[in-house]
Trainee: 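This structure is in structure tokens; I'll ask about it shortly.
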Amino acid sequence: MDKYDYDWSDLAFGSKKPLSNLKAVFIAAPREISVARFTQLVKEYLPSGNIILGIAKEEYIAGFVNQPQFKTLKQADIQSVIDKVKASTSPRKIVTLRYFQRELVSVVEKIKPVQAIFINGSWHYSFHTLPIYYTLANHHIPYCLVSPFTDEAEARSYEQKITKLLEQPQQKEFSSDKQIMDAVDLVAKSSFDYGFQTGLVLAKKTKTGYKYIASAYNRVLPYQTYAMHHGASRELNFSPPNDLNHYDTIHAEMELLVKAQKENINLKNTTLFINLMPCPTCARTLCTTDIEEYVYLNDHSSGYAVGLFEQCGKKVKRII
């Protein structure tokens, strides 16, 4: 085994000293970043010690399979920087460690880094709700959540590049609830919100099923990569999952209503299919619209919206 290149499967049941003895800064397996951004990280952290760079064995961040905005970093993309450091006279080196993302807690517990660095957008849900957060706290390991981009220009450029790759529903007629919920799932994947991706499709009943009218998702503002670059507001404020005070997106429901206003979409006698039942604030607003029926997949706020919709004369159905 190359002393600069390790695989966790080879270390899991053996000695961890080759890594723990490095007393290194650990960069957890990140989403993709540019050579320029990796170079920035090396210049920042290498002067203070060795670096262990995690490389995920999966192609995408767990929970975001087949979503181009959540691809994982490939070692080949930044190998030139690693080789340059290896060939230098610096006593400090960059060591790579390949592992499955589910093994992160074990990796941190065993290699005992002096500091852990996490690239925003490299996990699902808010960081402070994940097991790794409690592992770091229990072992008194300092950590930082940092941007995957060199600057705002790169963040905006990345958004523009990836947006062109995001797939949108092509089907305009649906014969079943399942077909239309599949379209909802596809729409949700356009969101860059790594806390939760909400998607919806507005449709109208026909004799054979439903006709597509419009779709929307929870879009990060002021641009899709903003929270990745500047930090997610929920994580910066350690807020709970249902806290609406710290949020980075326009909710999909409000995005739909804005679109309806701009495009003169008639909401009368329509059905809204959504993967997450609206939050209380959105539910109160939606109750005043002409949307007739709500079909949802996941609950929110202990069923608040369900009760409110029914009291306002709306039809509600949950897809199991």
Trainee: Going by the angle between their ring planes, with limits at 30° and 60°, are Tyr212 and Phe174 parallel, tilted or perpendicular?
Mentor: tilted

Trainee: To the nearest 0.5 Å, how far apart are CG in Asp77 and CD1 in Ile33?
Mentor: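 The CG atom of Asp77 sits 9.5 Å away from the CD1 atom of Ile33.
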
Trainee: Hey, which of Tyr125, Tyr133, Tyr194 is the one that makes side chain to side chain donor-acceptor pair (under 3.5 Å) with Glu235?
Mentor: Tyr194

Trainee: In sequence, state the C-alpha distance, the side-chain angles, and the governing distance for Ser147 and Asn120, and then conclude on side chain to side chain donor-acceptor pair (under 3.5 Å).
Mentor: CA-CA 6 Å; Ser147 172; Asn120 292 332; 5.7 Å; no

Trainee: Where is the tightest heavy-atom contact between Ile180 and Ala203, given as atom of each residue plus distance?
Mentor: CD1-CB, 3.6 Å

Trainee: Taking all heavy atoms of Pro91 and all of Asn50, pick out the closest pair and write down the distance.
Mentor: O-OD1, 4.1 Å

Trainee: Identify the heavy atoms of Asn298 and Arg318 that sit nearest to each other, and give their distance.
Mentor: CA-NH2, 4.1 Å

Trainee: Can a donor-acceptor pair be found, under 3.5 Å and without considering hydrogens, that links the side chain of Lys71 to the backbone of Arg31?
Mentor: no

Trainee: Please indicate whether Glu167 has more than 12 foreign heavy atoms, meaning atoms of other residues, nucleotides or ligands, lying under 6.0 Å from its CD.
Mentor: no

Trainee: So, the side chain of Thr225 versus the backbone of Met228: is there a donor-acceptor pair under 3.5 Å, distance only?
Mentor: no

Trainee: With a 4.5 Å cut-off on side-chain heavy atoms, are Glu58 and Phe64 touching?
Mentor: no

Trainee: I'd like to know if the side chain of Asn245 reaches the main chain of Arg234, judged simply by a donor and an acceptor atom lying under 3.5 Å from each other, with no hydrogens or angles considered.
Mentor: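 No; judged by distance alone, with no hydrogens or angles, the pair does not exist.
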
Trainee: If you round to the nearest 0.5 Å, how far is CG of Leu41 from NZ of Lys43?
Mentor: 11.5 Å

Trainee: Testing the basics here: between Ser215 and Val187, what is the closest heavy-atom pair and its distance to 0.1 Å?
Mentor: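 Shortest heavy-atom separation between Ser215 and Val187 comes out as CB-CG2, 3.7 Å.
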
Trainee: Under a single-linkage definition using a 4.5 Å side-chain heavy-atom cutoff for Ile, Leu, Val, Met, Phe, Trp and Tyr, are Phe149 and Phe70 assigned to the same hydrophobic cluster?
Mentor: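 Shared cluster, yes.
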
Trainee: Specify the closest pair of heavy atoms between Ile119 and Ser122, including all atoms of both residues, with the distance to one decimal.
Mentor: O-OG, 2.7 Å

Trainee: Taking the six-membered ring for Trp, are His251 and Tyr247 closer than 6.0 Å centroid to centroid?
Mentor: yes

Trainee: When you measure from the side chain of Glu32 to the backbone of Thr72, do you find a donor-acceptor pair of N or O atoms at a distance under 3.5 Å?
Mentor: no

Trainee: Measure the spacing between NZ of Lys23 and CD of Gln115 and express it to the nearest 0.5 Å.
Mentor: 15.0 Å

Trainee: Among side-chain atoms of Ser239 and Asn237, is any donor-acceptor pair under 3.5 angstrom?
Mentor: no

Trainee: Which of parallel (below 30°), tilted (30 to 60°) and perpendicular (above 60°) describes Phe309 and Tyr294?
Mentor: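 Ring orientation, 0 to 90° scale: parallel.
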
Trainee: Hey, is NZ on Lys84 packed in by over 12 heavy atoms from elsewhere, all under 6.0 Å?
Mentor: no

Trainee: Would you confirm whether Lys262, through its side chain, and Ala260, through its main-chain N or O, come within 3.5 Å as a donor-acceptor pair?
Mentor: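 It does not hold such a pair.
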
Trainee: Tell me yes or no: between the side chains of Asn218 and Ser191, is some donor less than 3.5 Å from an acceptor?
Mentor: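 Yes, a side-chain donor-acceptor pair sits under 3.5 Å.
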
Trainee: Checking Glu154 against Ser34: is there a side-chain donor and acceptor pair closer than 3.5 Å?
Mentor: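 The answer is yes; a qualifying pair exists.
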
Trainee: Distance-only, no hydrogens or angles: does the Tyr99 side chain make a donor-acceptor pair with backbone N or O of Ala29 under 3.5 Å?
Mentor: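 The answer is yes, because a donor-acceptor pair under 3.5 Å joins these two groups.
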
Trainee: Compute both the distance and the angle, then confirm whether Lys205 meets the cation-pi test with Tyr210: under 6.0 Å from the six-membered ring centre, within 45 degrees of the axis.
Mentor: no

Trainee: Under 3.5 Å, is there a donor-acceptor pair between the Gln197 and Gln67 side chains?
Mentor: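 Yes - a donor-acceptor pair under 3.5 Å links their side chains.
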
Trainee: Rounded to the nearest 0.5 Å, what separation is found between the CG atom of Leu257 and the CG atom of Leu267?
Mentor: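 Rounded to the nearest 0.5 Å, the CG-CG separation comes out at 6.5 Å.
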
Trainee: Run the side-chain donor-acceptor check on residues 106-114: report pairs under 3.5 Å with partners two or more places apart or on a different chain.
Mentor:
| from | atom 1 | to | atom 2 | distance (Å) |
| --- | --- | --- | --- | --- |
| Lys112 | NZ | Glu109 | O | 3.3 |

Trainee: Are the side chains of Ile61 and Gln101 in contact, using a 4.5 Å heavy-atom criterion?
Mentor: yes

Trainee: Identify whether Phe100 and Tyr60 are in the same connected component of the hydrophobic contact network (ILVMFWY, side-chain heavy atoms under 4.5 Å).
Mentor: no

Trainee: Applying salt bridge (Lys or Arg N to Asp or Glu O under 4.0 Å) to Arg156 and Glu152, what does each step give before you reach the verdict?
Mentor: CA-CA 6 Å; Arg156 287 180 177 272; Glu152 189 156 339; 3.4 Å; yes

Trainee: Hey, is the main chain of Lys315 close enough, under 3.5 Å, to the side chain of Glu293 for a donor-acceptor pair?
Mentor: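 Looks like no, no N/O pair under 3.5 Å.
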
Trainee: Step by step, work out the side chain to side chain contact (heavy atoms under 4.5 Å, CB included) result for Ile94 and Phe38.
Mentor: CA-CA 12 Å; Ile94 301 173; Phe38 182 62; 4.2 Å; yes

Trainee: Give the intermediate values and the outcome of side chain to side chain contact (heavy atoms under 4.5 Å, CB included) for residues Leu53 and Ile55.
Mentor: CA-CA 6 Å; Leu53 172 65; Ile55 299 292; 3.9 Å; yes

Trainee: Tell me if the aromatic rings of Phe192 and Tyr223 count as close, with their centers under 6.0 Å from one another.
Mentor: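 Not close enough - the centres of the two rings lie 6.0 Å or further apart.
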
Trainee: Counting only heavy atoms from other residues, nucleotides and ligands, does the tally under 6.0 Å from NZ of Lys74 exceed 12?
Mentor: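 Counting other residues, nucleotides and ligands, NZ of Lys74 exceeds 12 neighbours.
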
Trainee: Quick check: does any side chain N or O of Gln170 sit under 3.5 Å from a backbone N or O of Gln168, one acting as donor and the other as acceptor?
Mentor: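 Confirmed, Gln170 side chain pairs with Gln168 backbone.
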
Trainee: With rounding to the nearest 0.5 angstrom, report the CD1 to CZ distance, Ile78 to Arg37.
Mentor: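 Spacing of CD1 (Ile78) from CZ (Arg37) equals 13.5 Å.
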
Trainee: Walk me through it: do Leu297 and Met181 pass the test side chain to side chain contact (heavy atoms under 4.5 Å, CB included)?
Mentor: CA-CA 8 Å; Leu297 186 62; Met181 289 306 289; 3.9 Å; yes

Trainee: If you round to the nearest 0.5 Å, how far is NE2 of His229 from OH of Tyr226?
Mentor: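 These two atoms lie 9.0 Å from each other.
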
Trainee: Donor-acceptor pair, Lys93 side chain versus Tyr4 backbone, under 3.5 Å?
Mentor: no

Trainee: I'd like to know whether Asp193 forms a salt bridge (Lys or Arg N to Asp or Glu O under 4.0 Å) with Arg219, so could you lay out the CA-CA distance, the side-chain angles of the two residues, the decisive distance to 0.1 Å, and finally the verdict.
Mentor: CA-CA 7 Å; Asp193 182 1; Arg219 181 165 51 90; over 6 Å; no

Trainee: Please assess Leu202 against Thr271 for the test side chain to side chain contact (heavy atoms under 4.5 Å, CB included), listing each intermediate value before the final yes or no.
Mentor: CA-CA 6 Å; Leu202 184 72; Thr271 298; over 6 Å; no

Trainee: Taking all heavy atoms of Leu186 and all of Pro169, pick out the closest pair and write down the distance.
Mentor: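 For Leu186 and Pro169, the tightest heavy-atom pair comes out as CD2-N, 3.7 Å.
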
Trainee: Are the side chain of Lys314 and the backbone of Ile291 linked by a donor-acceptor contact shorter than 3.5 Å?
Mentor: yes

